[in-house]
Each structure stands twice: as C-alpha cells, then as structure tokens.
A.B. asks: 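Below is the structure I would like to discuss, written out as structure tokens.
Chain identifiers are assigned alphabetically (A, B, ...) following the order of the sequence lines, protein sequences preceding nucleic acid strands; residue numbering begins at 1 within each chain.
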Amino acid sequence: MSDHPEEPLISALLEEKDAPKTNDTPNGFLPIETNWFDRLFLSVVIWIALSLFWFRFIEPLGLSIWIANASAAALAFIIIKKG
Amino acid sequence: MRKPSPIIGLIFWSLVSVLTLFPIYWLFVISVKPAVQLFSTPELILSDPYWGNYAKVWGDRLLRSYMLNSVIISTGNAVICTVLGFFACYALSRFNMSGKESIFFWTITNRMAPPAVFLLPLFLLMTQVYTVGEWKLLDTRIGMILVYCTFNLPFAIWTLRPTVDGIPKELDEAAYVDGASSWQVITQIVFPLCRPGLAVTLILTWVFAWNEYLLAATLTNFNARTLTTGLSEYVTTTGTAWGVMATISVFTLIPALIVFGLVQKHIVAGLTFGAVKG
Amino acid sequence: MQSKRLGWILLAPTLVILFFFGVLPFIYVVYVSFHSWNPFAVNPDMVFNGADNFRKIVFDSAFLNSVGVTVMFVFFAVLSELIIGYFLAQAFMRDFPGKAIFRTIHTLPLIMAPIIVGSVWKLMTTPSIGIIPHYLDEWFGISMNIGTSAPAAFATIVIMDIWHWTPLVTLTLIAALVSLPQDPFEQAQIDGAGKRQIFWHITLPMIAPAVVATVFIRLMDALRTVDEVWMLTGGGPGSATRFVGVHIFKEVFPKTNYGYGSTISVIVLYLTIVSCWLLYVTMLAPRNKKD
C-alpha cells in the first residue's frame with residue numbers, strides 16, 4: 001500500500017489480485033489470472049445469468065429450470081477446478 | 001506545445017465558471033423573490049430582495065425541528081464514524097491480525113453498494129427485527145446515525161488509514177517502555193498526532209450525512225426527518241411554494257458551502273476514495 | 001507487539017455496525033426475494049415460493065425498461081463527462097491568471113447534495129418559472145417542457161449530471177496530466193507526430209489508469225443516481241427517467257409488495273456488481289498483467 005500512495009484504490013484492488021498469484025495455478029483457461037474466490041464468484045454470476053436467461057426464453061418452451069441449474073453447476077465445477 | 005495567449009484561457013474559464021455558478025445564483029435569486037414575481041419575465045440581475053421566504057422557513061417549527069434533526073444526525077454520525085474509523089485504522093495499522101487486508105477491502109465494498117438496494121431490507125429490519133418491545137429503530141435519530149455509518153464508516157477508515165500508518169510505531173513503543181497503557185497510547189499519543197486527518201474526515205463525513213436524502217426519506221416518518229426530506233415534501237405537495245423550496249435549498253446548501261471553503265483541497269480525494277488525488 | 005486481542009476489540013464496533021447494517025440486510029434481501037410477502041394483502045404471511053419472483057421479473061416490462069433507461073443514462077452521462085472533462089483538463093494545463101480561483105469555482109458543485117442539485121435544476125427548467133425554457137422559447141422558438149416531453153426530461157437529467165460531476169473528472173484528469181513526464185511528448189514532436197497521434201499513442205495510454213479509475217467511480221455513482229432525478233422529474237414523464245433506483249423507490253414502497261421488491265433489489269445489486277466487476281476485469285487486469 002505504501003508503494004502507491006497516489007493510487008490507494010487501485011493498489012488495493014491490485015493487491016487483492018496480486019496476493020494469490022504466487023501460490024495459485026496461474027495457467028487456467030480463463031483469460032485473466034484468478035484465485036479460487038474469483039472463480040467461485042464468476043460461477044455464481046454465470047449461474048444467475050443463465051437462470052434468468054432460461055426463465056425468459058427457454059422455460060416457456062417447456063424445458064425445466066433444473067437443466068439450467070445442472071449445467072450451471074457443471075460449469076461452476078469446471079471453472080473452479082480448472083479456471 | 002504552442003503557447004496561446006493567457007487571455008484565451010482566462011476568457012474560456014470565465015465562461016465555464018459562469019456556467020458552473022449560474023444555477024446556484026439562480027437558486028438564490030428565486031429564494032428572494034415574492035411568489036407573484038416568479039411567473040413574470042425572469043430578471044437576471046437581482047433587485048429589491050424580498051426576505052419573506054427566509055422568515056417563513058425560519059419561523060416554521062416543523063422545518064426547524066427538521067434542521068435540528070439534520071444537525072444532530074450528521075454530527076452524531078460524523079463523530080461516531082471518525083472515532084470508530086480511527087480505532088479500526090489503529091487496529092489495522094499496528095496489529096498483525098490474520099486477514100486484515102481482506103477486512104479492510106471488505107469495509108470499503110460496503111460503501112460501493114447502491115443504497116436503493118438496501119432501502120427495503122433496512123426498512124424491514126428496522127420495523128420488524130431491530131426492535132425492543134414497542135420501540136422500533138425506524139424513525140429514530142440513533143437509527144439514522146447507525147444507518148449512515150454504512151457509507152461513512154468505510155470512508156473514514158479509508159481516509160484515516162494513511163494518516164495512522166504515517167505515525168511512527170517507535171512513538172508507541174517508547175510510550176509503552178515508559179509504562180503507558182494501551183488506552184493511554186491511543187488517546188494521548190496517536191490521537192493528537194492524527195488531528196489534521198481526523199478533522200478532514202470529520203468534516204467530510206459530516207457533509208455526506210447532511211446531504212443524504214434517499215435513506216432518510218425511507219427510514220423516517222416524522223420524528224427523525226431531516227432537512228433534505230423536508231425539501232422534497234415541499235415539492236410534492238404544491239406547485240406554488242417555489243420560493244420556500246429555494247429557501248430550504250439555500251439553508252441546506254450553506255453548511256456544505258462552509259465545509260467547501262474549509263476542506264476544498266480534500267474534496268476530490270474524498271469523493272474518489274483517494275483513487276485519484278485531487 | 002501487543003496482544004492481537006486489543007486489535008480485535010478496537011475493530012469490533014466497526015465490524016458489528018457494518019454487519020448489522022451492511023451484511024445482514026444483504027442476506028435478508030436475498031432471503032425475502034424467494035418469498036411472496038405483502039403484509040397488506042389477503043394473505044399477509046411470508047410464503048416461500050421458490051424462484052417465482054425471478055420468473056416474473058424477466059417478463060416485467062416496467063423493470064426491464066428502467067434498466068434500459070439507466071444504461072442509456074450511464075452511457076451518455078459518463079461518456080460526455082469524460083470528453084468534456086478531458087478538454088477542460090487540457091485547457092487547464094496552460095498558464096493564465098487566476099487559475100486557482102477558477103479551479104475552486106469549478107469544484108463547487110461536487111459538495112452539493114444531489115437533492116439540492118435536483119432542486120436547483122428544477123427551478124431552472126420547470127416551465128413557466130424556469131429561465132431555460134423561457135429563453136429557449138424567446139430566442140429560438142423552442143418549447144421545452146420536462147413535464148411532458150420524454151427526450152427533454154432525459155436530456156435535462158444528463159446535462160444536470162454533467163454539470164454536477166464533470167468537475168470530478170476534470171480534476172482527476174488534471175492530476176493525471178500534471179504527473180506526466182515531458183520527454184515522450186518532446187520526442188514525438190521531434191519525430192513529427194501529429195496532435196491526434198500524440199493523443200492516441202502517448203497521452204491516452206499514459207493517463208489510462210486515471211481514466212479507468214474515474215470511469216469506475218463515476219459508473220458506480222451514476223448507477224445509483226436517485227435523489228436528483230426524484231427531485232427533478234420523479235421518474236417521469238411516463239417512465240422516461242425512471243432509473244432502477246427510482247423504480248425501487250417508487251414501486252416497492254407504495255405497493256408494499258416486499259417479496260417482489262426484494263427480488264428487484266437483488267437483481268439491481270447483481271447488475272451493479274457484475275458491471276463494475278466486468279469493467280475492472282476488462283480494463284484493469286490485462287494492464288496489470290503486462291507490467
């Protein structure tokens with residue numbers, strides 16, 4: 001923090017990202033470097049987006065929401081494992 | 001780069017300043033006009049001011065109680081946030097607690113959340129959960145003071161952190177060697193040294209609390225209503241009380257202007273959370 | 001040093017207050033969003049109804065419209081503020097008498113309460129008493145009525161936001177420009193680079209961090225704009241300026257439909273977090289990696 005007195009907000013954000021870099025796998029398939037929390041967050045974001053999309057466009061066609069949930073869970077598993 | 005004549009800069013910035021100041025000037029003009037003159041041709045130059053609106057607002061007991069509420073809530077909130085923020089910063093600065101940077105970051109995120117989202121849950125919690133018997137936290141001054149902590153406390157922690165970090169630890173240690181207790185070190189050694197930073201924090205948190213509208217409008221009914229909510233009441237009820245509305249606005253604006261004069265240099269740093277120095 | 005316990009004791013009040021007024025409301029709103037609950041309806045109890053509220057919200061045209069209006073507002077307001085702010089900051093880089101005073105005047109709107117800004121602009125733009133519609137009519141024959149014309153109301157709000165927040169952008173960009181080293185500019189001029197080339201290849205990349213930080217802050221603020229809009233137009237005419245915050249304020253409380261209102265709040269929070277996070281990831285992270 002003391003290295004960047006002129007940009008505390010940015011440096012705080014960067015520190016959050018920087019910290020896990022050293023001990024986490026740096027080469028996932030995601031375009032950015034992430035730690036486990038980032039990936040969990042991303043999974044939840046995708047899950048909600050997919051569910052809302054499903055409610056709007058696919059459920060009226062008769063496909064259950066559980067398909068969306070299952071695929072979101074599978075995707076989350078992949079992201080957290082390999083991202 | 002080319003060096004154009006300084007006159008161009010002067011003229012350009014004068015124009016910008018006129019654009020910046022005109023709305024505020026106009027607010028003042030409306031506040032000193034009697035109602036009958038409002039609908040005639042607008043006059044840019046102020047002549048023959050009429051102070052009836054000011055007398056009316058100052059004489060209104062309800063508005064005076066709103067003003068008192070605003071003062072109490074802002075002051076209480078600013079003091080609490082500054083003191084607790086100072087304690088928190090001292091803890092974050094001097095102790096090797098696990099995960100303290102995460103805690104620090106988490107407190108900041110509290111300020112980033114849009115208040116509109118929290119209106120409903122806070123309203124429900126304050127009417128149904130945060131109650132003691134018949135007494136509810138809703139529509140109380142203490143309730144508003146605590147609610148405003150959600151955005152002002154993170155701000156206080158954020159702005160005080162560099163100040164507290166900047167006080168050398170050797171001073172603390174020397175005092176401990178002399179046999180001072182932790183409490184004495186905090187209140188008698190570190191606190192006085194942080195005074196400039198504390199003053200800026202106090203003033204800015206005060207003005208943020210003073211300016212707040214949305215939460216006050218939702219979480220108060222009558223007892224703890226603030227001046228900003230009083231202003232909106234005048235708008236919804238009438239189309240005629242323009243002068244009174246302008247006058248309340250002037251009343252609400254004056255403390256902010258005083259504060260502006262006091263800590264002008266720190267305002268940008270405060271509003272951007274120090275992300276960019278002003 | 002001393003025991004860590006003292007540290008936790010000092011931190012405790014902060015954590016407790018933020019827990020009860022920051023975290024618990026968040027958990028609570030998520031919890032209620034899965035229920036149907038209207039205390040003044042036939043059945044006043046809170047009833048778990050799964051994801052039905054979320055099923056309803058994706059077809060709620062009033063809410064979707066408010067999201068669209070908000071996105072449009074944020075786009076126009078933040079983009080204009082950046083462009084105007086950049087030019088003002090550049091204009092400020094030159095020397096002229098009274099610089100400090102002009103800078104102070106320019107900062108003034110920042111400290112004003114949003115609700116006062118709304119009231120100031122209401123006094124200026126309301127037909128029959130406002131000075132702007134009066135002179136627009138007298139000089140150009142344009143009739144402007146923010147009470148009936150949706151584009152006029154929307155434009156007024158964007159202009160109001162520009163008036164209120166451009167100073168912030170200007171001052172942050174001044175700070176960025178002042179701290180730039182002079183060498184690359186001199187070198188580029190010797191190499192015969194044009195003004196536009198200098199801007200795109202030297203100035204912009206060098207002030208990019210400040211620009212991103214400013215956009216980040218302005219975006220968060222613009223997404224939560226309620227007070228001034230509420231004051232100026234109340235979300236109208238129709239739903240032309242009904243931003244998501246205004247929508248919550250106007251829709252949820254009068255209708256006391258707390259379950260569905262919580263769902264709206266959750267979705268708004270979700271959209272805010274995702275947009276800020278996306279901005280952060282796309283603009284900050286790649287640059288961070290390059291270093």
A.B. asks: Please classify the contact of B/L227 with chain C as side chain, backbone, both or neither, using a heavy-atom distance under 4.5 Å.
C.D. replies: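 When you check distances to chain C, no heavy atom of B/L227 falls under 4.5 Å.
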A.B. asks: Under 4.5 Å heavy-atom distance to chain C, tell me which part of B/F118 shows up: side chain, backbone, both or neither.
C.D. replies: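 Side chain only.
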A.B. asks: Please rank B/L120, B/T107, B/L84 by heavy-atom pairs under 4.5 Å with chain C and give me the top one.
C.D. replies: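 Highest number of heavy-atom pairs under 4.5 Å: B/L120.
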A.B. asks: Out of C/G118, C/P114, C/A91, C/A12, which one racks up the most heavy-atom pairs below 4.5 Å with chain B?
C.D. replies: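 Between C/G118, C/P114, C/A91, C/A12, the count favours C/A91.
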A.B. asks: Using a cut-off of under 4.5 Å for heavy-atom pairs, which of B/L204, B/V16, B/L27, B/I80 has the most such pairs with chain C?
C.D. replies: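 Of the candidates given, the most pairs with chain C belong to B/L27.
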A.B. asks: Quick one: what part of C/W121 sits under 4.5 Å from any heavy atom of chain B, side chain, backbone, both or neither?
C.D. replies: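 Just its side chain gets close to chain B.
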A.B. asks: Please determine, among C/W163, C/F20, C/F249, the option with the most heavy-atom pairs under 4.5 Å with chain B.
C.D. replies: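 Highest number of heavy-atom pairs under 4.5 Å: C/W163.
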A.B. asks: Compare every heavy atom of B/S181 with every heavy atom of B/Y176, then report the nearest pair and how far apart it is.
C.D. replies: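 In terms of heavy atoms, the two residues are closest at CE2-C, 4.1 Å.
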A.B. asks: Indicate yes or no: at least one non-hydrogen side-chain atom of C/F19 is less than 4.5 angstrom from one of C/V16.
C.D. replies: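 Side-chain contact under 4.5 Å: no.
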A.B. asks: Which atoms of B/W210 are under 4.5 Å from chain C, going by heavy atoms: the side chain, the backbone, both sets, or neither?
C.D. replies: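 Neither part.
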A.B. asks: As an exercise: rank B/F87, B/W13, B/Y213 by heavy-atom pairs under 4.5 Å with chain C and give me the winner.
C.D. replies: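 Max contact count across the listed options: B/W13.
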A.B. asks: Looking at B/S17 and C/I105, would you say the former's side chain and the latter's main chain have a donor-acceptor pair under 3.5 Å?
C.D. replies: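 No, because the side chain of B/S17 does not come within donor-acceptor range (under 3.5 Å) of the backbone of C/I105.
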A.B. asks: Out of C/L110, C/V268, C/L108, return the one with the most heavy atom pairs under 4.5 angstrom to chain B.
C.D. replies: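 Option with the greatest count: C/L108.
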A.B. asks: When only pairs under 4.5 Å are counted, which of B/A88, B/G261, B/C89, B/A156 shares the most heavy-atom pairs with chain C?
C.D. replies: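 Between B/A88, B/G261, B/C89, B/A156, the count favours B/A88.
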A.B. asks: Does any backbone or side-chain atom of B/V207 lie under 4.5 Å from a heavy atom of chain C? Answer side chain, backbone, both or neither.
C.D. replies: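 Just its side chain gets close to chain C.
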A.B. asks: Is B/L19 close to chain C through its backbone or its side chain, or both, or neither, when contacts mean heavy atoms under 4.5 Å?
C.D. replies: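 Just its backbone gets close to chain C.
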A.B. asks: Please find the pair of heavy atoms, one from C/R224 and one from B/P115, that lie closest to each other, and give the distance.
C.D. replies: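 Answer, listing the atom of C/R224 first, then B/P115: NE-CD, 3.9 Å.
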A.B. asks: Verify side chain to side chain contact (heavy atoms under 4.5 Å, CB included) between B/C149 and C/L18, making sure each step is shown before the conclusion.
C.D. replies: CA-CA 8 Å; B/C149 283; C/L18 288 181; 5.7 Å; no
A.B. asks: Between B/F155 and B/F208, does the ring centroid distance fall short of 6.0 Å?
C.D. replies: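 Between B/F208 and B/F155, which both carry aromatic rings, the centre distance is below 6.0 Å.
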A.B. asks: Any idea which heavy atoms bring B/T228 and C/I115 closest together, and the distance?
C.D. replies: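 Of all heavy-atom pairs spanning B/T228 and C/I115, the closest is CG2-CG2, 3.7 Å.
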A.B. asks: Checking heavy atoms, do the side chain of B/L153, its backbone, both or neither come under 4.5 Å from chain C?
C.D. replies: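 Side chain only.
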A.B. asks: Relative to chain C, which of B/I157, B/L214, B/T252 shows the most heavy atom pairs under 4.5 Å?
C.D. replies: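 Of B/I157, B/L214, B/T252, B/L214 has the most heavy-atom pairs under 4.5 Å with chain C.
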A.B. asks: Test side chain to side chain contact (heavy atoms under 4.5 Å, CB included) on B/T226 and B/E212; report intermediate values, then the result.
C.D. replies: CA-CA 9 Å; B/T226 59; B/E212 208 284 332; over 6 Å; no
A.B. asks: Does any heavy atom of chain C fall under 4.5 Å from the side chain of B/I30, the backbone, both, or neither of them?
C.D. replies: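 Looking at B/I30, just its side chain touches chain C.
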A.B. asks: Counting only heavy atoms closer than 4.5 Å, note whether C/F92 contacts chain B via side chain, backbone, both or neither.
C.D. replies: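 The answer is both parts of C/F92.
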A.B. asks: Looking only at heavy atoms and a cut-off of under 4.5 Å, which of B/L122, B/L146, B/I103, B/I186 has the most pairs with chain C?
C.D. replies: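 If we count pairs closer than 4.5 Å to chain C, B/L146 comes out on top.
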A.B. asks: What's the shortest heavy-atom distance between B/N77 and B/A209, and which atoms?
C.D. replies: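 What the structure gives for the nearest pair is OD1-CB, 3.8 Å.
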A.B. asks: Could you check whether C/T156 and C/T125, counting side-chain N and O atoms only, form a donor-acceptor pair closer than 3.5 Å?
C.D. replies: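 Per modelled atom types, C/T125 and C/T156 side chains form no pair under 3.5 Å.
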A.B. asks: Can you tell me which portion of C/I17 sits under 4.5 Å from chain B's heavy atoms? Options are side chain, backbone, both or neither.
C.D. replies: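 Answer is side chain: those atoms of C/I17 sit under 4.5 Å from chain B.
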A.B. asks: Out of C/M220, C/H247, C/M124, return the one with the most heavy atom pairs under 4.5 angstrom to chain B.
C.D. replies: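 Result: the option with the highest number of such pairs is C/M124.
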A.B. asks: Roughly how far, to the nearest 0.5 Å, is OG1 of B/T20 from NE2 of C/H164?
C.D. replies: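 Answer rounded to 0.5 Å: 12.0 Å.
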A.B. asks: So which atom in C/I207 and which in C/A176 form the shortest heavy-atom distance, rounded to 0.1 Å?
C.D. replies: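 For C/I207 and C/A176, the tightest heavy-atom pair comes out as CG2-CB, 4.0 Å.
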A.B. asks: Quick one: what part of B/Y130 sits under 4.5 Å from any heavy atom of chain C, side chain, backbone, both or neither?
C.D. replies: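 It is the side chain, since no backbone atom gets that close.
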A.B. asks: With a 4.5 angstrom heavy-atom cut-off, which part of C/T126 approaches chain B: side chain, backbone, both or neither?
C.D. replies: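 Just the side chain, heavy atoms under 4.5 Å.
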A.B. asks: Compare all side-chain heavy atoms of B/V147 with those of B/L137 and state whether any distance is below 4.5 angstrom.
C.D. replies: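 No - every pair of side-chain heavy atoms lies 4.5 Å or more apart.
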A.B. asks: Using heavy atoms and a sub-4.5 Å threshold, report which of residues 254-262 of chain C line up against chain B, by residue number.
C.D. replies: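 Interface residues of residues 254-262 of chain C: C/Y258, C/G261, C/S262.
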A.B. asks: Which bit of B/F123 is near chain C, if near means a heavy-atom gap under 4.5 Å: side chain, backbone, both or neither?
C.D. replies: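 B/F123 touches chain C through side-chain heavy atoms alone.
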A.B. asks: Based on non-hydrogen pairs under 4.5 Å, which of C/L88, C/I273, C/D227 is most in contact with chain B?
C.D. replies: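 Between C/L88, C/I273, C/D227, the count favours C/D227.
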A.B. asks: Applying side chain to side chain contact (heavy atoms under 4.5 Å, CB included), run through C/L171 and C/R103 and close with a yes or a no.
C.D. replies: CA-CA 8 Å; C/L171 294 182; C/R103 189 179 143 132; 3.9 Å; yes
A.B. asks: If you define the side chain from C-beta out and look only at heavy atoms, does anything of B/V185 sit under 4.5 Å from B/Y90?
C.D. replies: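 Yes. Closest side-chain heavy atoms under 4.5 Å.
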A.B. asks: Start with the C-alpha distance between B/I24 and C/V120, add both sets of side-chain angles, then the distance that settles side chain to side chain contact (heavy atoms under 4.5 Å, CB included), and finish with yes or no.
C.D. replies: CA-CA 7 Å; B/I24 302 166; C/V120 165; 5.6 Å; no
A.B. asks: Does B/V29 reach the side chain of B/W26, with side-chain heavy atoms less than 4.5 Å apart?
C.D. replies: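 Sidechains of B/W26 and B/V29: in contact.
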A.B. asks: Select, from C/I27, C/I174, C/L24, the one with the greatest count of heavy-atom pairs under 4.5 Å involving chain B.
C.D. replies: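 Heavy-atom pair counts peak at C/L24.
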A.B. asks: Could you pull out all residues at least two apart from C/R242 that satisfy salt bridge (Lys or Arg N to Asp or Glu O under 4.0 Å)?
C.D. replies: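 Only C/E251 meet the salt bridge (Lys or Arg N to Asp or Glu O under 4.0 Å) criterion with C/R242.
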